[in-house]
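Encoded as structure tokens, the structure appears first; notes follow it.
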Amino acid sequence: MPGFELFGDKERKEVQDVMDSGVLMRYGFDAMRNGHWKTKELETGLAEKMQSKHAHAVSSGTAALTVALASAGVGAGEEVIMPTFTFVASFESILALGAVPILVDIDDTLTLKPEAVEKAITSKTKVVMPVHMCGSMANLDALKAICAKHGLLLLEDACQAIGGTYNGKPLGSIGDLGCFSFDYVKTITCGEGGAVITNNEGYYENAHKYSDHGHDHIGNNRGAEDHPILGYNFRISEMNAAVGVAQLARLDEFIAIQKRNYTILREALSHIPEVVFRTVPDGGEENYSFLSFFMPTEELAQTAHQELIEAGVDGCFYWYDNNWHYYKKWEHLTQMKSLGKLPKDVIESLPDYGKTDFSESDKWMSRNISCLIKLGWSEKEVAERAKKMVTAIKSSI
Ligand SMILES: *Cc1c(COP(=O)(O)O)cnc(C)c1O
């Protein structure tokens, strides 16, 4: 990733179709559109690729999470369990619905720790939201069993893991709902965009209505459509969807390139005894968008990260002190810096994250380094990179 590295003729052709018709709207304008329905094409293709009955495209991954939660009827005061290591979109989407984000520890998979999830369940819990960070997944069998036992929904945030699989099934298709992002740096990108997938007819019906002002999408006269529910505008444009159509068709190609590059780097690093790779749960296969590993201590991780930067190895992240991805820097959440007044339910139920013990998450995150795998590298470049990485890490030990 990111998919923009390999933009080419396919993307240009799809965009040109939209420019030629002038129809940027996913619904209506039937007579003008020269038969092009890019968003519908993206949805059909994604549903098929993800082995899901339904896919609904929206304006972003954050929108996808919000729409997915809303479509399952999540509302004020209900609790959604999410990991301490994720992207801010996780709690943004939960808060947008007046629901309460319950942060829970991660383990050496860098995703939700099942035992911590079970401990966090209350009578208000409605959803468990694992986030498949950096291309690899949570222990989904364990989480599914917990959800079944407690009557909870499983919503997979697969925004960073499209193309990965678990027990042979595409990530995103294993929970009750799955979400993808096609933002500007994701494995497949269309600038801004996202999608919800589900096998549940009811959730799908809710999702397409909710993301388009509650329109029922019956008949072909938008002005005469009913609006059975309240909704918002989370629509994707035809221009973005057009790029998505081209990129989705190239997903397998992208994953194969990522896998090749990842494998070369991993092989090189595997000879350093101090480097321990993140755990991928049994039955899981990553999408190879990142190579993530642990150093023996926080200090060694910091020095290794510094050495990598100094050696000119770009794209290696020390997420522990990253602004966007780890709870430690989420002051806007922990201090509830909202523009307007928050719903009473949220104010009353939100745990005091300034005081919560996330030492288990800290233990893993403080030792973790994750390196981005690019699509544009030649094999020679990856080999050179591997050498530089080994030298940098060894010199830090
Ligand atoms: C990118 C991302 C999102 C949100 O996607 P946007 O399209 O940028 O809104 C959500 N969750 C994770 C894990 C992400 O990486």
Side-chain angles (χ1 to χ4, degrees), residues 1-4 39 42 46 55-70 80-97 101 103-104 106 109-112 127-138 140 154-164 171-172 174-175 177-197 207 211 232-237 239-241 243-244 247-248 258 278 286-290 292 315 317 319 322-327 329-330 333 361 365 368 370-373:
M1 77 186 235
F4 68 70
T39 309
L42 176 62
L46 189 68
H56 180 66
V58 288
S59 50
S60 70
T62 311
L65 292 167
T66 311
V67 169
L69 289 168
V80 179
I81 290 177
M82 55 163 277
T84 51
F85 176 47
T86 174
F87 179 55
V88 290
S90 305
F91 61 77
E92 289 169 352
S93 60
I94 299 165
L95 288 170
L97 297 164
L103 269 58
V104 155
I106 56 146
T109 64
L110 296 179
T111 64
L112 278 180
V127 180
V128 177
M129 189 200 276
V131 183
H132 306 320
M133 284 300 280
C134 303
S136 183
M137 77 290 322
L140 290 166
L154 186 65
L155 191 172
E156 292 176 75
D157 177 340
C159 290
Q160 292 196 4
I162 193 165
L171 290 178
I174 291 136
L177 292 141
C179 292
F180 298 107
S181 163
F182 311 129
D183 83 16
Y184 43 89
V185 288
K186 296 299 202 278
T187 298
I188 62 174
T189 179
C190 63
E192 298 281 7
V196 180
I197 59 169
S211 58
Y232 287 95
N233 176 4
F234 290 120
R235 290 186 312 256
I236 189 171
S237 89
M239 192 73 93
N240 296 86
V243 181
Q247 289 260 296
L248 180 64
Q258 285 181 176
R278 91 185 285 174
E286 305 178 60
N287 81 345
Y288 307 103
S289 52
F290 283 86
S292 300
F317 299 91
W319 300 123
N322 177 280
N323 263 342
W324 289 16
H325 292 283
Y326 196 49
Y327 83 93
K329 291 280 173 80
W330 295 341
L333 171 71
S361 303
M365 292 307 296
N368 166 250
S370 285
C371 298
L372 183 66
I373 305 293

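The analysis underlying the following values was restricted to heavy atoms, covering all of them including side chains, and did not include hydrogens, waters or symmetry mates. Throughout, numbering of the chain's residues begins at 1 and tracks the sequence. Just so we're clear, the structure is a prediction, and the values are computed from it rather than from any experiment. One-based numbering, in listed order, for ligands and for the atoms of each.
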Which of the atoms of ligand 1 are close to A89, meaning less than 4.0 Å from one of its heavy atoms?
4 (C), 10 (C)
For atom 11 (N) of ligand 1, which protein heavy atom lies nearest, and how many Å away is it?
D157 OD2, 2.8 Å
Any N or O of D183 that comes nearer than 3.5 Å to an N or O of ligand 1?
yes
Protein contact to atom 9 (O) of ligand 1 [nearest heavy atom, distance to 0.1 Å]:
T62 OG1, 2.5 Å
Going by the angle between their ring planes, with limits at 30° and 60°, are F234 and Y232 parallel, tilted or perpendicular?
tilted
Residues passing the side chain to side chain donor-acceptor pair (under 3.5 Å) test with W330, sequence neighbours excluded, are none
For side chain to side chain contact (heavy atoms under 4.5 Å, CB included), just list the numbers for N368 and R278, CA-CA rounded to whole Å, side-chain angles, deciding distance to a tenth of an Å, and then say yes or no.
CA-CA 8 Å; N368 166 250; R278 91 185 285 174; 5.8 Å; no
Among protein heavy atoms, which sits nearest to atom 3 (C) of ligand 1, and what does the distance come to when rounded to 0.1 Å?
F87 CD2, 3.6 Å
Check whether any side-chain N or O of E192 sits under 3.5 Å from a backbone N or O of S59 as a donor-acceptor pair, and report yes or no.
no
Would you say E156's side chain and L171's backbone share a donor-acceptor pair under 3.5 angstrom?
no
For residues 89-97, tabulate all N or O donor-acceptor pairs below 3.5 Å that involve a side-chain atom, not counting sequence neighbours.
| unit_1 | atom_1 | unit_2 | atom_2 | d |
| --- | --- | --- | --- | --- |
| S90 | OG | T86 | OG1 | 2.6 |
| S90 | OG | F87 | O | 3.2 |
| S93 | OG | A89 | O | 3.1 |
| S93 | OG | S90 | O | 2.9 |

Give me the atom names and distance for the closest heavy-atom approach of S361 to T84.
OG-OG1, 2.9 Å
What atoms in ligand 1 come closer than 4.0 Å to a heavy atom of C159?
2 (C), 3 (C), 10 (C), 11 (N), 12 (C), 14 (C)
Short N/O distance, under 3.5 Å, between G61 and ligand 1?
yes
Numbering as shown, the atoms of ligand 1 that approach V131 to under 4.0 Å (heavy-atom distance):
13 (C)
Could you tell me which non-hydrogen atom of T187 sits nearest to which non-hydrogen atom of I162, and how far apart they are?
CB-CG2, 3.9 Å
In ligand 1, the atoms that come under 4.0 Å of a heavy atom of S60 are 7 (O), 9 (O)
Atom 2 (C) of ligand 1: the protein heavy-atom neighbour that sits closest, reported with distance to 0.1 Å:
K186 NZ, 3.0 Å
May I ask you to check if ligand 1 and T86 share an N or O to N or O distance below 3.5 Å?
no
